[in-house]
Amino acid sequence: MSEKILVIEDEQKIADLLRRGFTYEGFRVEVCHDGETGLKAARDNPPDLVVLDWMLPGLDGLEVCRRLRAGGALPILMLTAKDSVSDRVKGLDSGADDYLTKPFAFEELLARVRALLRRVRATDETVFRFADLSLNVSTREVLRGERKLDLTTKEFDLLHFFIRHPRQVLTREMIYDRVWGYDFGGESNILEVYIRYLRTKLEAGNEPRLLQTVRGVGYALREE
Ligand code: CA
């Protein structure tokens, strides 16, 4: 499944350029033209990376960056016309991972996006933790407290997706899209079956539930 980039940029010309460029390079792209819509898009359908303009109508890029950052470890690249050292520092302080000054060449942006995504994949080698749950991507070891969980490949992939997006509501469509990688036609109950398997294993020692049902929407990894 290709990686998804969320572009938050109010200038139509740049937004169009980025949509075309990233699509051509094989990414999935969602474009939003203001901060509020961008934050909602990032919540509703988490991207792998955000390209965020600094000067936006309403909520500005710095504020959007802070709020995105509060939601988890999402790579953020900020675009801006500002170029003073203190502005750079502010941008990086707000949680941006990288910073590119306008005007820029698309190839330059693309190179930085690829570098950021590689960094994220590299950190995939490490361990994700949520509550008393830990998941090691390289050894594929999953622990609930001290208890080792024996998961199938699909159960592991599903839990990996949840633990990369803790506390976020993940819709059924999104989970099928990202974990199974194709459309089950919406009628399938295979996700419910897998959630049940996972819960059984996660709660085998009578631990509190971590995989919550969000009725009519999907599921979220969070404490009750
Ligand atoms: Ca702008």
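Ligands are counted one by one from 1 in listed order, and the atoms in each one are counted from 1 as well. Numbers for residues simply follow the sequence, beginning at 1. None of the values given here were measured: they were computed from a predicted structure.
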Q: May I ask you to check whether over 12 heavy atoms, not counting those of Lys154, lie within 6.0 Å of atom NZ?
A: yes
Q: Ignoring waters, how many N, O or S atoms from the protein are under 3.0 Å from the Ca ion (ligand 1)?
A: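 N, O or S atoms of the protein closer than 3.0 Å: 3.
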Q: Between Glu223 and Arg209, is there a side-chain N and carboxylate O pair less than 4.0 Å apart?
A: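 Arg209 and Glu223: not salt-bridged.
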Q: Do Tyr99 and Trp54 come close enough that some side-chain heavy atom pair is under 4.5 Å?
A: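 A side-chain contact under 4.5 Å exists here.
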Q: Using the rule side-chain contact (heavy atoms from CB on, under 4.5 Å), only one of Leu198, Val214, Val169, Ile175 pairs with Tyr219; which is it?
A: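 Output: one option passes, namely Ile175.
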Q: Evaluate the ring planes of Phe156 and His160, with Trp represented by its six-membered ring, and classify them as parallel (under 30°), tilted (30 to 60°) or perpendicular (over 60°).
A: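 Judged by the thresholds at 30° and 60°, the geometry between Phe156 and His160 is tilted.
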Q: Between Phe130 and Phe162, does the ring centre distance come in under 6.0 Å?
A: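 No, ring centres 6.0 Å or more apart.
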